[in-house]
Novice: 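Let me begin by handing over the structure; questions about it come next.
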Amino acid sequence: MFATNTLVRWYEAEQDPERLLPILSTYLGHVHVADTQWYLTGSPELMKEAMRRLERRWEDRT
């Protein structure tokens, strides 16, 4: 839950989770960023923030 909540906070703060994910992985003690995926859950809050960012990218393209 910690990893998921961290991503949600980053999204809400308009930060770049892709750029910050290696920091989270290191904090969790993971050697590879891919290992962190096991600690991420598809919470409604995380999905909402990810979709909001994706929609903004699509709108910017038009």
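Side chains included, hydrogens not; waters and symmetry mates left out as well; all remaining heavy atoms used.
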Novice: Sequence neighbours excluded, which residues qualify as side-chain contact (heavy atoms from CB on, under 4.5 Å) partners of Leu28?
Specialist: Phe2, Ala3, Leu24, His30, Thr36

Novice: Does atom CD of Glu18 have more than 12 heavy-atom neighbours, drawn from other residues, nucleotides or ligands, at distances under 6.0 Å?
Specialist: no

Novice: Say you draw a straight line from OH of Tyr11 to CZ of Arg52; how long is it, rounded to the nearest 0.5 Å?
Specialist: 10.0 Å

Novice: When you compare the side chain of Pro17 with that of Arg53, does any pair of heavy atoms fall below 4.5 Å?
Specialist: yes

Novice: For the CG atom of Leu46 and the CZ atom of Arg9, what is their distance to the nearest 0.5 Å?
Specialist: 12.0 Å

Novice: When you check the gap from the basic side-chain N to the acidic O, do Glu14 and Arg56 get nearer than 4.0 Å?
Specialist: yes

Novice: Can you name the closest pair of heavy atoms from Ala34 and Gln37 and give their distance?
Specialist: O-CG, 3.1 Å

Novice: Can you give me the closest heavy-atom contact between Val8 and Ser43, atom names plus distance?
Specialist: CG2-OG, 4.4 Å

Novice: Take atom CE of Met51 as the centre, draw a 6.0 Å sphere, and report whether it contains more than 12 heavy atoms from other residues, nucleotides or ligands.
Specialist: no

Novice: Using the side chain to side chain donor-acceptor pair (under 3.5 Å) rule, take Thr4 and Thr41 through it: C-alpha gap first, then chi angles, then the decisive distance, then the call.
Specialist: CA-CA 6 Å; Thr4 302; Thr41 58; 3.3 Å; yes

Novice: CD/Gln15 to CG/Leu7 distance, rounded to the nearest 0.5 angstrom?
Specialist: 11.0 Å

Novice: Connecting only ILVMFWY residues whose side-chain heavy atoms lie within less than 4.5 Å of each other, what is the rest of Trp38's hydrophobic cluster?
Specialist: Tyr39

